[in-house]
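A short write-up of the structure that comes next.
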Amino acid sequence: MQNHLNDEFVFRYKLVGSVEYIKSGKDQLFLSKMVKICCIGAGYVGGPTMAVIALKCPNIQVAVVDISTARINAWNSDTLPIYEPGLDEVVKKCRGKNLSFSTDVEKHVAESDIVFVSVNTPTKTQGLGAGKAADLTYWESAARMIADVAKSNKIVVEKSTVPVKTAEAIEKILTHNSKGINFSILSNPEFLAEGTAISDLLNPDRVLIGGRETPEGKKAIETLRDVYAHWVPVDRILCTNLWSAELSKLAANAFLAQRISSVNAMSALCEATGADVSQVAHAVGKDTRIGPKFLNASVGFGGSCFQKDILNLVYICECNGIPEVATYWKQVIKVNDYQKTRFVNRIVSSMFNTVSGKKIAVLGFAFKKDTGDTRETPAIDVCKGLIGDKAKLSIYDPQVNQDQIQRDLSMKKFDWDHPVHLQPMSPTSVKDVSVVWDAYTATKDAHGICILTEWDEFKNLDYQKIFNDMQKPAFVFDGRNVVDAEKLRKIGFIVYSIGKPLDDWLKDMPAVA
Ligand code: NAD
Ligand code: UGA
């Protein structure tokens, strides 16, 4: 194709299957043929990631497909299936132009040059590696389907988080069923965090692309790199071999979770000694080698990935004959479980060693603020612990509804990480749990309040009014250190804040985990 634009501003990119386009300095794109991307899995990763690709690459057609009709219908409606700041605007800008959502998985896969796979990779609950290993059922069925329907060469991109060496297995499935079609496998793990997904995608610290070190592999890497280069500076696009990319994702999540378990371990020691975990974290984080981020002590980390990915890492270490390394990482999960148990025990022991029949208001159920996601939220274990001691819970979260909370409290461990329609149907609702739509209703007549998500609105509630309407003594157990404890103590509350010097009341009633 001839380049008619000023050379200074023009770069030539080669895209899949000899598709060529020219990119001007003003990001104007001229295509000889439309490139098509398809993403299998319209979840928290697939939806936002593809929406941003569509926004930044107007020349590329992006189809997001899923086996869940309900999910796809929601993506096509005014109420998107996930709550994520900024997502609505991006989807509304692109949907109906170069972004579509569909259940016609096979059609879109067949038509695409690049196929991302962003399906669930839950922890196995049965058989070999149960409780640790990743269950690749959904990945395998997606790979088999790609091989079945493909009529042209394709780049297949691992977007899901997978065990290291998964690409080898996928390659085998694809090549054994290929009918002469060439498939190039890339690993392109996603590092977005929920609640900040759109800004993380628009301005990523890095994009990681791993591929085979063969001419075809290198060409595939370049092709995907050129997609991201529409908006990500090239020096932030890291290209590695396949195994490094796969392992880097597990390693990054393990390092992040380890920081939280480290600060949470310190929080227990702070409570025992009178030190203040915020002051300790601040002092430690001032060391530029350590840095200040991700050092907020909490009731424990949650979310769909930290625990799952570390368990997966532990299993891989065990399978590779390095149990010492497996034990090291397992401890990150153990400390997280300890922190949740410690929190429940603190509540029960502070309230005269029983919460039986007492109303406890739970403020926040999502695993972090600015998301409605409850997967592996610490709130599940805390609520189950309190229910185990016969408390009556009144739960309020600005983004999580009653149905979701009831499902979460009655579902078995790890069952949540399957496509919605394959999860256990209509679980029995948990007695002694009511879900309400504001913090004042939740706390009325309560004996105690647990803050389990750091929603901003919990900082500015009218705590005097809340105190007036509660049973006395009135307790606040702040699992996120969001309230002004001194102010609340002046009102009359007994306050427990994670890792902070204890009220005399709490000192007299030590909690043993
Ligand atoms: P999700 O459950 O929100 O979405 C997965 C989707 O895949 C579901 O809608 C499901 O119906 C669909 N699906 C499953 N099998 C399918 C098939 N064969 N064909 C078509 N659709 C199918 O999960 P998620 O949070 O988007 O995570 C996806 C992957 O990305 C996981 O491996 C996860 O570890 C990883 N990841 C997640 C995050 C995150 O913040 N949630 C961040 C980085 C990486
Ligand atoms: C995390 C990683 O941050 C992402 O890079 C990664 O892509 C993603 O997992 C994934 O693979 O799924 P996410 O789980 O969405 O993202 O959210 P985080 O901000 O990491 O928070 C995880 C949990 O740790 C939350 O429960 C949060 O409240 C808790 N946390 C976080 C703390 O308790 N203290 C902190 O200082 C930070």
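All ligand and atom numbering here is 1-based and tracks the order in the structure. The basis for the numbers below is simple: all heavy atoms, side chains too, and nothing from hydrogens, waters or symmetry mates. Positions are given from 1, in the same order as the sequence printed here.
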If we ignore angles and hydrogens, is there a donor and acceptor under 3.5 Å between the side chains of [X] and [Y]?
X: Ser112; Y: Lys154; value: no
X: Arg342; Y: Gln339; value: yes
X: Asn188; Y: Arg225; value: no
X: Ser102; Y: Asp104; value: no
X: Glu271; Y: Tyr496; value: yes

Legend entry - Met145 atom CE: more than 12 heavy-atom contacts under 6.0 Å: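 Yes - once you tally the heavy atoms of other residues, nucleotides and ligands closer than 6.0 Å, there are more than 12.
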Legend entry - Over 12 foreign heavy atoms within 6.0 Å of CD, Glu168: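 Yes, the 6.0 Å shell around CD holds more than 12 heavy atoms from other groups.
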Legend entry - Options Thr49, Asp66, Val119, ranked by nearest heavy atom to atom 12 (C) of ligand 1, top entry: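 The residue whose heavy atom sits nearest atom 12 (C) of ligand 1 is Asp66.
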With a cut-off of 4.0 Å, which atoms of ligand 1 are near a heavy atom of [X]?
X: Ser304; value: 41 (N)
X: Cys305; value: 33 (C), 34 (O), 36 (N), 37 (C), 38 (C)
X: Ile40; value: 19 (N), 20 (C), 21 (N)
X: Gly43; value: 1 (P), 3 (O), 4 (O), 26 (O)
X: Tyr138; value: 15 (N), 18 (N)
X: Ser141; value: 18 (N)

Between [X] and ligand 1, does any nitrogen or oxygen pair lie at a separation below 3.5 Å?
X: Ser68; value: no
X: Lys249; value: no
X: Glu190; value: no
X: Asp309; value: no
X: Val45; value: yes
X: Asn120; value: yes

Inset, instruction - Under 4.0 Å, heavy atoms only, figure out whether ligand 1 is touched by the backbone of Arg375, its side chain, both or neither. - result: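 Just the side chain.
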Inset, instruction - At a heavy-atom distance under 4.0 Å, which protein residues reach ligand 2? Sort them by chain and number, would you? - result: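 Only Glu190, Phe191, Leu192, Ala193, Glu194, Lys249, Asn253, Leu256, Ile260, Phe294, Leu295, Asn296, Ser298, Phe301, Gly302, Cys305, Phe306, Phe367, Lys368, Arg480 have heavy atoms that fall under 4.0 Å of ligand 2, ordered by chain and number.
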Inset, instruction - Work out whether the distance between some heavy atom of Met145 and some atom of ligand 1 is less than 4.0 Å. - result: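 Heavy atoms of Met145 never come under 4.0 Å of ligand 1.
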Assess whether a salt bridge exists between [X] and [Y], defined as any Lys/Arg side-chain N lying under 4.0 Å from an Asp/Glu carboxylate O.
X: Asp337; Y: Lys334; value: no
X: Arg375; Y: Glu194; value: yes
X: Asp276; Y: Lys500; value: yes
X: Glu190; Y: Lys159; value: yes
X: Lys93; Y: Glu89; value: no

Inset, instruction - Find the distance between OG (Ser184) and CD1 (Ile155) and round it off to the nearest 0.5 Å. - result: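 One finds 5.5 Å between OG of Ser184 and CD1 of Ile155.
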